[in-house]
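Before anything else, here's the structure in question.
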Amino acid sequence: MPELPEVQAVVDSLNELINQEIMAIEIRADVVMPSKTEFTNCIVGKNIKSITRRGKYIIIQLDDAYLVVHLRMTGKLYLSADNVTKKHTHVVIKTTNNFLIFEDTRRFGRLEILTDLTKIEKKLGFEPFDKKLDNDSMHQIINKNKNIKALLLDQSLIAGIGNIYADEILFKAKINPETTGKSLTLIDVSKILQSTREILDQAIKNKGTTIINFSYAGDQKGAFVKNLKVYKRAKLECFECSDVIATKKIAGRTTHFCPTCQTI
DNA sequence: CCATGAACCTGGTCGC
DNA sequence: TGCGACCAGGTTCATG
C-alpha cells in the first residue's frame with residue numbers, strides 16, 4: 001500500500017504521541033514481529049522521543065531503542081481514543097493519552113525493535129529530497145543495464161518510491177519504463193529527478209493516494225488520486241495525446257504508461 | 001549482472 | 001448466489 005507520501009501522512013498523524021509514555025502493549029498476532037516478550041520488555045515504560053520516516057519505514061524513537069514499523073501493502077498505524085478490536089487489529093499500544101493501533105489485513109507489515117538504525121540504513125539509498133542527490137549522483141546510481149522502472153523501485157538507490165509513483169514519475173518525465181538506466185543521458189536523468197520531486201511533493205501535500213484502502217489517522221483518504229495521469233488508467237485516453245494508456249508487467253509489477261508520450 | 005516468479009496473506013472484483 | 005481466476009500502494013529469496 002503505502003509509498004513515501006502515504007507513510008509521511010501516517011507519521012504526521014502520530015505527532016501527538018511525542019513525549020507520551022508507553023503504558024502497555026497488547027499483542028494479538030505475534031506473526032508481525034520476531035519476539036513478543038522481548039518486544040514488551042523493550043517498550044513498556046519508555047517515552048516516545050520522536051516519530052520520523054526513512055524510506056517507507058516509520059521510526060518511533062524511544063528512550064533507548066527504536067520501534068520501527070513497515071506497513072508493506074495493507075498495514076495501518078493510527079491513534080484511537082479507545083481500544084480497538086477489529087478482525088485485523090494485531091497490536092494495541094496504550095500510551096499516556098492514546099491507543100496506538102496497528103492493523104494489517106494481509107499481515108505483510110512488520111514491527112521491530114532496534115537499538116540503532118544501521119540495519120535500516122544499510123538497505124536504503126538516498127531520500128528523494130536529499131540535496132546530495134543531484135543530477136550527477138542520480139546519473140551514477142542508475143548507470144546500470146536494468147530498466148528504469150526497476151531502478152526507481154530499488155529502495156537501495158532511492159528510498160520511498162513504489163509502483164504508483166514510479167509510473168507517474170516516468171510519465172511526467174516522458175521516459176519509457178523499459179529504457180535501461182545506462183542509456184539515459186544526463187538530461188533524461190535530470191528530468192526524472194525533477195519529476196520525482198514534483199510528484200512526491202504534490203503527493204505529500206495531498207496526503208498520498210488512496211486506490212484500494214490506504215488511510216491515515218483512522219479513516220482519512222489520500223487525495224492524490226485526482227492527480228494520477230497513468231496509474232489505474234489502463235485503456236483510458238492519455239491526457240496529453242490521443243493515445244491510450246497501456247499496461248505491461250515490468251520489474252514484476254503492473255506498469256502503466258503512454259506508448260506515444262513515453263518514447264525515450 | 002539481470003529478469004522473472006514465487007512466497008508471504010486476505011479480500012475484492014469479474015466472468016460464467 | 002456461488003466458484004474459480006486474477007488482481008492489489010512491498011520485499012525478499014531462489015532460479016535460469
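Each chain gets a letter, A, B and so on, in the order the sequences are listed, and its residues count up from 1.
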Check this for me: does any side-chain nitrogen of one of A:Glu127 and A:Arg54 sit under 4.0 Å from a carboxylate oxygen of the other?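 Result for this pair is yes, salt bridge flagged.
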Provide, to the nearest angstrom, the distance between the CG atom belonging to A:Asn213 and the C1' atom belonging to C:dC7.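 My rounded result for the distance is 13 Å.
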C:dG10 OP1/OP2 closer than 4.0 Å to side-chain N/O of A:Gln155: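 Result: no.
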Under 4.0 angstrom, heavy atoms only, what part of the nucleic acid is A:Lys123 near: base, sugar-phosphate, or nothing?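 Here A:Lys123 touches the backbone only, sparing every base.
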Beyond-backbone contact of A:Phe39 with A:Leu67, side-chain heavy atoms, under 4.5 angstrom: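 They are in side-chain contact.
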When the ring centroid of A:Tyr165 is compared with that of A:Phe224, is the distance short of 6.0 Å?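 Ring centres of A:Phe224 and A:Tyr165 closer than 6.0 Å.
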Name all pairs fulfilling the side-chain hydrogen bond (donor to acceptor under 3.5 Å, both in side chains) condition that reach into residues 252-264 of chain A, sequence neighbours left out, sorted by first residue then second.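 Those involving residues 252-264 of chain A are A:Lys149-A:Thr255, A:Asp167-A:His256, A:Asp243-A:Thr260.
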Span of DNA chain B in contact with chain A (heavy atoms, under 4.0 Å):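 Both ends considered, the range comes out as B:dC2 to B:dG11.
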For A:Lys149, report the nucleic acid contact type (base, sugar-phosphate, nothing); a contact means any heavy atom under 4.0 Å.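 No contact.
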Short side-chain N/O contact from A:Thr254 to OP1 or OP2 of C:dA8, under 4.0 Å: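 Indeed, a polar side-chain atom of A:Thr254 lies that close.
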Between A:Gln155 and A:Leu153, is there a donor-acceptor pair closer than 3.5 Å when you use the side chain of the first and the backbone of the second?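 Yes.
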Could you check how far CG of A:Asp154 sits from P of C:dT11, rounded to whole Å?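 About 10 Å, once rounded to whole Å.
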Listed once per pair and sorted, the side-chain hydrogen bond (donor to acceptor under 3.5 Å, both in side chains) pairs that draw on residues 137-146 of chain A, sequence neighbours left out: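 For residues 137-146 of chain A, and leaving out neighbouring residues, the side-chain hydrogen bond (donor to acceptor under 3.5 Å, both in side chains) pairs sorted by first residue read A:Asp134-A:Ser137.
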Separation between NZ of A:Lys229 and CZ of A:Arg233, rounded to the nearest 0.5 Å: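 It is 9.0 Å, given to the nearest 0.5 Å.
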Same-atom distance (P) from C:dC7 to B:dT4, integer angstrom: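 Taking atom P in both C:dC7 and B:dT4, they lie 16 Å apart.
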What interatomic distance, in whole Å, is found between C1' of B:dC1 and the corresponding atom of C:dG10?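 It comes out at 23 Å once rounded to the nearest Å.
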Find out whether A:Leu151 and A:Asn147 are in side-chain contact, i.e. whether some heavy atom of one side chain is under 4.5 Å from a heavy atom of the other.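 No, too far: nothing below the 4.5 Å cut-off.
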Once you round it to whole Å, what is the distance between P of C:dA8 and CG of A:Asp167?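 In whole Å, C:dA8 P and A:Asp167 CG are 11 Å from each other.
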Ring of A:Phe171, cation from A:Lys174 - is the NZ or CZ under 6.0 Å from the centre and inside 45° of the axis?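 That pair qualifies as a cation-pi contact.
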Are side-chain heavy atoms of A:Thr180 and A:Ile148 found at a separation under 4.5 Å?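 Sidechains of A:Ile148 and A:Thr180: no contact.
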Answer yes or no on whether A:Arg110 is positioned over the face of A:Tyr57, meaning its NZ or CZ is under 6.0 Å from the six-membered ring centre and within 45° of the axis.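 No cation-pi geometry.
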Beyond-backbone contact of A:Met23 with A:Val44, side-chain heavy atoms, under 4.5 angstrom: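 They are not in contact (no side-chain heavy atoms under 4.5 Å apart), so the answer is no.
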Would you jot down, in residue-number order, the residues of residues 103-122 of chain A having a non-hydrogen atom under 4.0 Å from DNA chain B?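 Nucleic-acid contacts, sorted: A:Thr105, A:Arg106, A:Phe108.
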So what's the dot-bracket for DNA chain B: Watson-Crick or G-U pairs under 3.5 Å, [ ] if a pair crosses, | if it pairs off-strand? .|||||||.|||||||
Where along residues 203-212 of chain A does a heavy atom come under 4.0 Å from DNA chain B, residue by residue in number order?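 Within residues 203-212 of chain A, no residue comes under 4.0 Å of DNA chain B.
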Touch class at under 4.0 angstrom, heavy-atom based, for A:Tyr165 against every strand present: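 Nothing, no nucleic acid heavy atom in range.
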Separation of atom NZ in A:Lys249 from atom C1' in C:dG10, rounded to whole Å: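 Result: 13 Å.
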Does NZ or CZ of A:Lys207 come closer than 6.0 Å to the centre of the six-membered ring of A:Tyr216, within 45° of the ring's axis?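 Output yes; distance and angle both within limits.
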Over all strands shown, is A:Gly162 touching base, sugar-phosphate only, or nothing at heavy-atom distances under 4.0 angstrom?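 Sugar-phosphate contact only - A:Gly162 comes under 4.0 Å of backbone atoms but never of a base.
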Look at A:Glu178 together with A:Lys248 and state whether they make a salt bridge at an N to O cut-off of under 4.0 Å.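 Salt bridge: yes.
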Rounded to whole Å, please give me the gap between CD in A:Glu6 and C1' in C:dA8.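 That distance rounds to 14 Å.
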